[in-house]
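Taking it in order: structure first as structure tokens, then the write-up.
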Amino acid sequence: MENATLNLVILICYMGGLMGFGIYQGMKVKNTTDLNIGGRSVPGWACALSERATAESAWCLVGFPGFAYGSGLVSVWVALGLALGNIFAWTLLANRMRKEAEKYDAQTYVDWMVKRHSKSKAVTAIRLVGSFIVIFLFAFYVEAQLIGGGKTLHTLFNLPVATGIILTIAIIVPYTVWGGFQSVVYTDCVQSILMIFTLIVAPLYGLYYISVTPGLYASSITEALRMAGPNFIDWTSGAKGIFAGFMIASNFAWIIAYLGGLPHLTVRFMAMKDDAAWRTGRNIACVWTVLGYTGAILIGLVGLAIFGPENIKDAEMIMPLVVLKIFHPALAAICVTGAIAAMLSTADSMLIVTSSEFSENILKPVIMKGKKLDPKKELFISRCVTVVVGFAALALAFLLPANMVYTIVSFAWAGMGNPFAVVTCMTLLWDKYTGTAAVWTMICGFLGTVLWQISPMNATLDARLIGVFPAILAGYIVTKMTYGRDEVKA
């Protein structure tokens with residue numbers, strides 16, 4: 001009871017401070033540009049910390065440690081793909097997207113696509129197809145964060161998971177609605193620091209703890225992997241020959257989405273202030289990434305050494321269980337609050353990006369037919385859309401319950417990352433790439449990925465790898481067919 005009270009006090013203080021800070025930032029929001037992209041004046045350090053918190057979310061503190069706990073060394077390939085992808089994104093893509101957004105006055109990722117291909121006959125289709133993919137898949141992404149929040153609150157307070165889900169959305173929506181992008185970015189910074197603290201301190205102390213504590217499953221990670229079975233210590237999880245190559249490629253393929261395929265991360269590149277901000281952000285983000293993924297794997301493997309492979313019913317609860325086991329209750333509560341912070345940081349970002357895409361690419365140009373609105377009324381409508389999106393995600397968490405955060409994030413990551421990564425890269429690197437080709441890239445990449453994911457073949461070769469090929473083929477073939485005939489005549 002004493003520990004539960006301590007956990008509750010720490011959680012209430014943290015959440016209260018988070019909401020207060022978000023509401024304070026909301027006082028600076030004067031128009032939809034402030035709401036959607038922070039007025040294009042966000043410092044690099046803030047963009048980097050926000051991007052890292054948003055990207056890693058429930059995934060890095062719940063889903064991925066659970067995957068490492070259940071699979072062993074094969075998890076390294078996933079971490080390698082994700083880490084290299086993020087480093088490439090910050091090094092090669094981030095500043096380019098910042099300049100593109102400034103040049104075309106783009107407020108969202110789809111808005112950038114539309115303005116980049118503004119002369120194309122397919123400009124309306126780009127707007128509608130791009131927005132549909134974002135809104136559809138972000139709903140699943142937010143669902144994953146809400147489920148992760150419900151699970152973590154269940155571990156802390158033994159609350160029903162459903163109650164935890166409702167509490168999670170109740171915390172997120174107010175400050176996101178009021179403060180918009182600016183609020184989300186700066187609250188993400190606090191959450192990002194708490195997350196990286198957990199990802200560094202927990203595995204380091206965990207390694208010491210298993211080496212000096214008798215009666216555990218194993219006294220070291222190497223011993224735990226060996227005792228857990230041959231698949232845990234095998235870099236290919238027991239796969240042989242060509243299937244080993246398929247397994248490595250499938251896990252490494254997480255890298256693809258980072259190449260411009262994740263609108264909630266790309267918009268942070270677009271919001272940076274200048275070149276100096278990009279350089280600062282790049283350095284912080286790259287260091288965070290290496291430390292964060294190393295820590296996430298080690299937390300899972302420390303959990304394996306403490307509990308063994310068969311004693312945890314839900315592998316995705318391994319991080320909360322490890323910190324509650326090894327730390328003083330106060331420090332454990334802070335670290336578990338870091339997990340909740342991770343979920344909030346992604347869920348709030350998804351909400352603001354989804355509402356921005358809907359407002360900027362469907363509501364204003366299609367439903368309202370470009371009619372000019374009073375800035376205050378426009379801001380009010382955008383905030384209302386955020387509330388609706390939040391409750392839609394809440395409904396989805398109950399209508400389509402899913403037990404595995406890893407699985408949901410993988411589905412959304414691939415379905416969104418494959419088509420958008422190809423569109424981004426082809427748009428930036430190929431002058432002949434047409435707007436009509438962009439539409440078919442998105443359609444074929446999205447459908448190819450989703451259809452492969454629900455097929456039995458996904459067990460052999462993951463859709464994160466396969467789904468990029470129909471997108472590339474569609475982009476190339478349709479460009480060859482439409483180049484020179486795609487633009488609307490003046």
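Bear in mind the structure is a predicted one, so any value in this text is a computation, not a measurement. Each residue takes its place number in the sequence, starting with 1.
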If you measure from [atom1] on [X] to [atom2] on [Y], what distance do you get to the nearest 0.5 Å?
X	Y	atom1	atom2	result
C47	M272	SG	CE	5.5 Å
F246	L461	CZ	CG	5.0 Å
L82	T289	CG	OG1	9.0 Å
S219	L207	OG	CG	11.5 Å
M195	W288	CE	CH2	4.0 Å
L49	I196	CG	CD1	9.5 Å

Counting N and O atoms only, with roles assigned by atom type, does the side chain of [X] sit under 3.5 Å from a partner on the main chain of [Y], one being a donor and the other an acceptor?
X	Y	answer
Y109	F420	yes
W77	W235	yes
N418	G445	no
S192	C189	no
W278	W90	yes

What closest approach, in Å, do [X] and [Y] show between heavy atoms, and which atom pair accounts for it?
X	Y	value
M416	H264	CE-CE1, 4.3 Å
F327	V201	CZ-CG1, 3.7 Å
Y69	N311	OH-N, 4.1 Å
I133	F446	CD1-CB, 3.9 Å
I256	L465	CD1-CA, 4.3 Å
N95	R98	OD1-NE, 2.9 Å

In residues 290-309, what donor-acceptor pairs under 3.5 Å come from side-chain atoms, sequence neighbours left out?
{"residue": "Y293", "atom": "OH", "partner": "E56", "partner atom": "OE1", "Å": "2.5"}
{"residue": "Y293", "atom": "OH", "partner": "E56", "partner atom": "OE2", "Å": "3.3"}
{"residue": "Y293", "atom": "OH", "partner": "W59", "partner atom": "NE1", "Å": "3.3"}
{"residue": "T294", "atom": "OG1", "partner": "V290", "partner atom": "O", "Å": "2.7"}

A side-chain contact here means heavy atoms from C-beta on lying under 4.5 Å apart; do [X] and [Y] qualify?
X	Y	value
T198	M319	yes
L73	I233	yes
T424	L93	yes
E51	N86	yes

Exercise. Under 6.0 Å between ring centres, would you say that holds for Y258 and F88?
Worked result: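 That pair fails the under 6.0 Å test.
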
Exercise. Which pairs count as side chain to side chain donor-acceptor pair (under 3.5 Å) when at least one residue sits in residues 206-218, sequence neighbours excluded?
Worked result: none

For this session: Please identify each residue that fulfils ring-ring contact (aromatic ring centres under 6.0 Å, His included) with F232, with sequence neighbours left out.
Result: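 Not a single residue meets the ring-ring contact (aromatic ring centres under 6.0 Å, His included) criterion with F232.
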
For this session: Under the side-chain contact (heavy atoms from CB on, under 4.5 Å) rule, what do L84 and F252 come out as? Steps first, then yes or no, please.
Result: CA-CA 9 Å; L84 287 176; F252 193 73; 3.8 Å; yes

